[in-house]
Student: 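There's a structure below that I have some questions on.
All values reported here derive from a predicted model rather than from experimental measurement. Atoms considered below: every heavy atom in the structure, side chains included; atoms not considered: hydrogens, waters and symmetry mates.
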Amino acid sequence: MAEETKAPVEEVISDNSEAKTAPKKRKVKRTVSLGQVHVQATFNNTIITVTDPKGNVLTKSSAGACGFRGSKKGTAYAAQVAGEQAITAAKQQYGLSKADVYIKGIGLGRDAAVRVLGTQDINVESIKDVTGVAHGGVRPKKARRI
């Protein structure tokens, strides 16, 4: 068998001991004067999301994130606190001044979350109820034969 010859391997040692990093991109602070407030009110929790007109999330909050636990999450007061937290963050970070409100669900936090907008000096352009409504339903049970 033929013997293979190996070329000597040269090690390359760099003088730079520091690794080069790409320059960090600065986050552009944008202002969103008109936004959307989505309120999802269930019996167990209320979730409030503030988005821009395209639907990109700006801020969000829920009764559970505000420290309420168990059955207290489904109360109107918990929805009010969650709404205040989400709206104040949107006002401070993005300058939100007008909002379209979309309400989904049948929980106690429906009205409380909308009332918060008035106390936070947000002009409510429109309020829509986007709760899903069943049409058709499930297949009924077959007739009983005796």
Side-chain angles (χ1 to χ4, degrees), residues 6-7 9-146:
K6 293 185 181 179
V9 178
E10 295 180 18
E11 286 188 28
V12 178
I13 300 173
S14 64
D15 293 334
N16 291 342
S17 59
E18 298 176 21
K20 291 185 179 180
T21 57
K24 291 184 180 180
K25 292 182 181 178
R26 293 196 178 199
K27 202 169 195 180
V28 178
K29 190 170 185 180
R30 61 183 185 144
T31 58
V32 179
S33 60
L34 174 65
Q36 298 176 346
V37 178
H38 296 268
V39 178
Q40 184 178 3
T42 64
F43 290 119
N44 295 322
N45 201 356
T46 302
I47 301 168
I48 294 147
T49 308
V50 181
T51 66
D52 63 4
K54 291 184 178 179
N56 300 318
V57 175
L58 302 175
T59 61
K60 63 182 177 181
S61 183
S62 68
C66 292
F68 293 93
R69 289 285 163 234
S71 60
K72 294 184 182 85
K73 288 194 299 185
T75 62
Y77 177 67
Q80 178 184 344
V81 173
E84 287 173 357
Q85 186 177 6
I87 297 300
T88 53
K91 279 177 63 176
Q92 289 175 354
Q93 294 175 2
Y94 299 99
L96 186 73
S97 59
K98 296 179 186 175
D100 296 318
V101 182
Y102 297 92
I103 302 173
K104 182 185 277 189
I106 52 174
L108 295 173
R110 287 171 59 101
D111 299 328
V114 175
R115 277 195 222 108
V116 168
L117 296 170
T119 61
Q120 296 290 325
D121 297 328
I122 299 288
N123 293 334
V124 177
E125 299 285 312
S126 66
I127 299 175
K128 277 189 175 179
D129 189 356
V130 292
T131 305
V133 179
H135 53 283
V138 297
R139 182 173 175 164
K141 289 177 78 172
K142 65 179 183 182
R144 217 172 137 216
R145 291 184 303 189
I146 300 175

Student: Quick one: closest heavy-atom pair of A63 and A78, and the distance?
Tutor: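 For A63 versus A78, the nearest heavy atoms are CB-CB, 3.6 Å.
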Student: Measuring from I48:CD1 to I87:CD1, what's the distance to the nearest 0.5 Å?
Tutor: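 Nearest 0.5 Å value for the CD1-CD1 distance: 7.5 Å.
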Student: Output, in order, the C-alpha distance, side-chain angles, deciding distance and verdict of side-chain hydrogen bond (donor to acceptor under 3.5 Å, both in side chains) for Q36 and H38.
Tutor: CA-CA 6 Å; Q36 298 176 346; H38 296 268; 3.1 Å; yes
Student: Does K91 reach the main-chain N or O of D121 with its side chain, forming a donor-acceptor pair under 3.5 Å?
Tutor: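 Looks like no, no N/O pair under 3.5 Å.
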Student: Go through the steps to decide whether V114 and I103 satisfy the test side chain to side chain contact (heavy atoms under 4.5 Å, CB included), and finish with yes or no.
Tutor: CA-CA 9 Å; V114 175; I103 302 173; 3.5 Å; yes
Student: Among V32, L34, L96, V57, which residue satisfies the side chain to side chain contact (heavy atoms under 4.5 Å, CB included) criterion with D52?
Tutor: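 That would be V32; it is the only one of V32, L34, L96, V57 passing the side chain to side chain contact (heavy atoms under 4.5 Å, CB included) with D52.
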Student: Answer whether the closest heavy-atom distance between the side chains of N44 and K73 falls below 4.5 Å.
Tutor: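 No, side chains not in contact.
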Student: Taking S33 for its side chain and S97 for its backbone only, find out whether a donor-acceptor pair lies under 3.5 Å.
Tutor: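 Checking the backbone N and O of S97 against the side chain of S33, no donor-acceptor pair under 3.5 Å is found.
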Student: Starting at OG1 of T31, measure out to CD of Q93 and round the result to the nearest 0.5 Å.
Tutor: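 These two atoms lie 13.0 Å from each other.
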Student: How far does CG of L108 sit from CZ of F43, to the nearest 0.5 angstrom?
Tutor: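 L108 atom CG to F43 atom CZ measures 7.5 Å (nearest 0.5 Å).
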Student: Closest heavy-atom contact between A79 and A112?
Tutor: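 Taking every non-hydrogen atom into account, CB-CB, 4.3 Å.
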Student: How close do D100 and S126 get, heavy atom to heavy atom, and via which atoms?
Tutor: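 Minimum heavy-atom separation between D100 and S126: OD1-OG, 3.2 Å.
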Student: What's the separation between atom CZ in R110 and atom OG1 in T46, rounded to the nearest 0.5 Å?
Tutor: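 Spacing of CZ (R110) from OG1 (T46) equals 11.0 Å.
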Student: Over all heavy atoms of both residues, which pair between V116 and G83 is shortest? Give the atoms and the distance, please.
Tutor: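 Closest heavy-atom pair between V116 and G83: CG1-C, 3.7 Å.
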Student: Give a yes or no on whether the backbone of A86 and the side-chain of T59 come within a donor-acceptor separation of less than 3.5 Å.
Tutor: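 Pair found, side chain donor or acceptor close to backbone of A86.
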Student: Would you say T131's side chain and G105's backbone share a donor-acceptor pair under 3.5 angstrom?
Tutor: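 Yes, because the side chain of T131 sits within donor-acceptor range (under 3.5 Å) of the backbone of G105.
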